[in-house]
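This report refers to the structure that appears directly beneath it.
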2 protein chains.
Amino acid sequence: MNFQKRKQQILEKLNTDGDIDVKQVALELSASEITIRRDLNQLADDGLLYRTHGGAMRIDQVVIPHQFVNKAAQNVEAKDKICRAAANEIHDGDIVFMDCGSTVHRLCQFIKNKKIKVITNSLPVVYELQNSLVSLNIIGGEFNAERQAVHGSMANEHISHYKATRAFLGVDGISRNGLFANSELEADITRAFAAQSKKTYLLCDESKIGRETYLRFGTLEMIGAVITNSRSNELEYFRKEGVKVVEV
Amino acid sequence: MNFQKRKQQILEKLNTDGDIDVKQVALELSASEITIRRDLNQLADDGLLYRTHGGAMRIDQVVIPHQFVNKAAQNVEAKDKICRAAANEIHDGDIVFMDCGSTVHRLCQFIKNKKIKVITNSLPVVYELQNSLVSLNIIGGEFNAERQAVHGSMANEHISHYKATRAFLGVDGISRNGLFANSELEADITRAFAAQSKKTYLLCDESKIGRETYLRFGTLEMIGAVITNSRSNELEYFRKEGVKVVEV
DNA sequence: TTTAATTTGTTCAAAAATAATCAAATTCAA
DNA sequence: TTGAATTTGATTATTTTTGAACAAATTAAA
């Protein structure tokens with residue numbers, strides 16, 4: 001067995017086990033310990049692992065925040081239906097705002113092969129799209145670890161510099177009386193997104209329709225379309241107000 | 001059997017096995033080893049396989065390291081020493097710029113318990129500090145996946161809105177003639193950081209001292225201190241220019 | 001803290017693979 | 001067929017890889 005082959009096997013083992021031990025690797029690959037040590041040193045020089053005493057550890061790349069993943073896993077089928085419909089609205093060349101909602105996040109998987117620009121305040125979105133055809137623009141400002149996103153006045157100013165063809169946003173509630181958010185920060189950035197995009201899409205699963213929580217921050221005029229799996233009567237009011245309703 | 005025929009068979013075998021061995025191929029195709037070696041070299045020149053000692057591998061089997069991670073694991077002890085010294089300079093209440101260099105990234109682990117604000121264009125820094133006492137501000141702008149960081153005019157403008165007490169930066173080279181970078185984007189953002197911070201620290205392992213690469217983008221006046229493990233004579237020039245040199 | 005065990009780097013030698021050189025065999029065109 | 005060009009194989013010197021031995025450094029234990 002040559003170095004390249006060993007290298008491959010070592011990395012494979014490291015990937016499954018998380019950490020490895022010189023002695024055991026030497027035994028498994030039937031090479032001497034000194035050889036394995038040399039291999040590990042070389043791999044460490046190439047940045048493929050961390051060398052430890054007696055072995056090596058995997059370099060943990062960017063970690064996906066669990067909290068976010070958990071929330072994102074709720075109501076998956078409905079969200080995916082909504083996102084598929086949303087993705088159909090996006091075409092090559094579009095400049096797209098995406099906010100930090102969990103539904104919007106699921107949109108990522110459907111747009112990886114589109115030649116578009118995405119401007120977002122959500123780190124999970126960045127993480128999801130970083131190795132795709134999508135060109136990314138991160139909105140700057142104060143970072144909130146819980147939301148995994150950027151908010152605040154600097155973020156709003158950042159958005160004001162750009163003009164997008166479409167914005168895909170989430171809200172905490174929407175009714176005939178307008179749009180609702182759980183915090184001022186979220187309300188502000190949603191307003192900023194909507195103001196700077198030609199067309200604004202709200203991605204809402206059924207739980208959001210007709211819901212009025214904490215802070216009313218805008219009217220239905222702000223948005224161009226709602227994409228939802230809901231069949232609520234409330235949707236009729238939206239249509240009356242000139243909001244396009246896409247039922248999935 | 002002629003070369004074209006052998007070439008075909010070699011590639012076929014490589015495709016099924018993933019890697020091949022000069023001796024065995026020579027035996028199977030009843031040609032001498034030197035002939036097979038020549039074949040392999042030619043195929044490698046054409047980019048059809050990856051030549052190894054004793055054989056060859058399929059191109060797609062060769063592991064390509066991620067650039068950021070790659071650099072992060074190099075010269076770890078020196079970087080940690082430098083970062084420990086750098087962390088000593090940081091005190092509660094500080095506003096700190098951190099750029100996207102691999103040395104600066106290692107500084108994270110030493111400052112997690114400090115009550116400071118960190119303003120950064122580096123996503124790995126954000127990930128590292130997101131569950132710490134540090135309050136984070138992300139610099140907005142166009143995201144570069146390879147560097148895992150934000151650069152560009154928007155980023156520079158973002159920085160201009162803030163004033164930091166300290167900046168911890170990396171460069172690709174520093175000599176008595178000034179500071180050197182590998183790209184204009186990096187040069188610009190480094191300049192922006194330095195301009196907006198009261199004191200600028202350069203974290204440089206020995207490989208950077210005296211090195212003059214690609215683009216000279218600033219003079220020694222821009223920086224207040226260099227923290228390094230180098231013992232180069234070049235450091236004397238830095239002191240003469242009023243740069244504080246911290247040797248670790 | 002001191003001591004023992006383990007791990008590591010260094011040096012050297014053996015083994016394997018390779019490149020370089022040249023001669024023999026093969027191919028191809030005239 | 002002849003002869004030039006190309007391909008192939010053999011030989012030898014060089015390079016690379018590997019492993020062993022031992023001193024230095026690091027870690028764990030007492």
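Protein chains get the first letters and strands the later ones, always in sequence-line order, with residue 1 at the start of each. These numbers were taken from a predicted model, which means no experiment stands behind them.
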Atom pair distance, as rounded to whole Å: CD in A:Gln4 and P in D:dT16: 15 Å

Interatomic distance where CZ belongs to B:Arg51 and P belongs to D:dT16 [whole Å]: 13 Å

Which residue lies more 5' along DNA chain C, comparing B:His53 with A:Ile34 via nearest heavy atoms: A:Ile34

N or O in side chain of B:Thr35 less than 4.0 angstrom from D:dG9 OP1/OP2: yes

Between P of C:dT7 and CD of A:Gln24, the distance in whole Å: 12 Å

Flag for B:Glu212-B:Asn177: side-chain donor and acceptor within less than 3.5 Å: yes

Sugar-phosphate, base or nothing in reach of B:Asn41, heavy atoms under 4.0 Å: sugar-phosphate

Any side-chain donor near an acceptor of the partner, A:Lys5 and B:Thr52, under 3.5 Å: no

Residue met sooner reading DNA chain D from 5', once A:Ile36 and B:Ala31 are mapped to nucleotides: B:Ala31

Comparing B:Ser32 and A:Arg6 on DNA chain D - which has the more 5′ nearest nucleotide: B:Ser32

Nearest-angstrom distance from the residue atom CG of A:Asp21 to P of D:dT27: 16 Å

Any side-chain heavy-atom pair of B:Tyr201 and B:Val246 under 4.5 Å: no

Spacing between A:Lys7 atom NZ and D:dT17 atom C1', to the nearest angstrom: 15 Å

Value in whole Å for how far the C1' atom of D:dT17 lies from NZ of A:Lys5: 18 Å

Closest nucleotide among C:dA17, D:dT18, C:dT8 to the B:Lys23 side chain: C:dA17

Side chain of A:Arg37 (C-beta onward), nearest among C:dG9, D:dT18, D:dG9: C:dG9

B:Glu33 CD to D:dG9 P, straight-line distance once rounded to whole Å: 11 Å

Whole angstrom value for the distance that separates P of D:dT16 from CG of A:Asp39: 17 Å

Pairing of A:Glu128 and A:Lys112 as salt bridge, 4.0 angstrom limit: yes

Note: A:Glu186-A:Arg147 ion pair, threshold 4.0 Å (strictly below): yes

Check: B:Arg38 side chain, D:dG9 base, donor-acceptor under 3.5 Å: yes

